[in-house]
Amino acid sequence: MKRIILVVLLVIIIAFGIATYDSILNKNEMAASPDAKEENSSWTITEYGSAGEEQMMSFSIEGNVDGLVIVDGGYENVEGDVNNILEVIKKHNNVVDTWVVTHLDADHAGVFLNIMKNHPEVTIKNVYTENIPELEKCKASTPWEVDWSTYEDFVRFGTENENIKSLSEGDIIEDVIGLNLEVLWSYYEWVDTYSSNILNNGALIFKLSGNEESILFFADVQDEKVGNELIRKHQDKLKADYVQIGHHGNNSMPDEIYDMINPKVAFIPAPNWIFENPNKVAWYTAEKIRNLLTEKGVTVYSDKDCPISVTMK
Ligand SMILES: [Zn+2]
């Protein structure tokens, strides 16, 4: 009899334990519920300028209710670049919902690698990047590049982490803290055949759309042929309220692409030695693009304005 009472007591204790544990789990799930992020009705887009001398690219996007997206981030070993991103991550309880690494160059993918290596307290739920060209092809297309450690480190993390995914043209991610992410361009064989610098020209071109407005990222795409191909394939999708100008403002995109985008704000991730071009380097086109855009009434921001925030609806 005593034995039966003991067994019954044990069952009651275990059942109570499971019920309590379940309710704790449910509370956590509610706290991290994606529904809260779906409720975002506006998003703060912040561009961070270079903390060093070099050109780089770094953006954060925060939902008005909840959620954090990072786009690129800057150099792995430039403390200021890393700190800009770490600070915004801390504001979001060390959780990044989505990190988009547009391509595997050091001025874009570096900060992501620093956080992966040195900040185990940070949780990164989803990481999206380009279709990654083979290293030998990258080396052949940019023989002047000598340091491939960013590429190699990222590929190593990519094979070890199942939450890192390559995206292709046409891919749509429906709920990125309430935004719709659509990929208009990512590396594929065409880039090998028709374009130079395959890592830059195979970078992700993608659009994030809110309820009323959108932002278009061109990453480091620089080749006119890619611009013409984009117009041919996706002309109806180019309109955006905000745009990040490709390759730090130094690109040969056809002028008419800016009429099709017809933005109100353009971000040119460029330090002054590119943006103002005091040494009059002939192939720096940031100044030309800036003039083209300001004549159309577009507000243009460069590194000297950063950090700069806008609100997207
Ligand atoms: Zn770059």
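Predicted, not measured: the structure shown is a model, and the values here were computed from it. Ligands are counted one by one from 1 in listed order, and the atoms in each one are counted from 1 as well.
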(request) Quick one: sort the Y188 and W190 rings into parallel, tilted or perpendicular, breaks at 30° and 60°. (result) parallel

(message) With 2.8 Å as the threshold, which protein atoms of type N, O or S lie near the Zn ion (ligand 1)? Leave waters out.
(response) D107 OD2, H108 NE2, D220 OD2, H248 NE2

Show me the donor-acceptor pairs, under 3.5 Å and distance only, between side chains in residues 256-268 and residues at least two apart or in other chains.
{"unit_1": "D259", "atom_1": "OD1", "unit_2": "K296", "atom_2": "NZ", "d": "2.6"}
{"unit_1": "K264", "atom_1": "NZ", "unit_2": "E213", "atom_2": "OE2", "d": "2.8"}

(message) Any salt bridge linking E87 with K90? Criterion: basic side-chain nitrogen under 4.0 Å from a carboxylate oxygen.
(response) no

(request) Show your working on side chain to side chain contact (heavy atoms under 4.5 Å, CB included) between N251 and V226 and close with a plain yes or no. (result) CA-CA 11 Å; N251 63 63; V226 180; over 6 Å; no

(request) Could you tell me how the ring of W99 sits relative to the ring of F112: parallel (under 30°), tilted (30 to 60°) or perpendicular (over 60°)? (result) perpendicular

(message) So that I know where these two stand, are H248 and H108 an aromatic pair - ring centroids less than 6.0 Å apart?
(response) yes

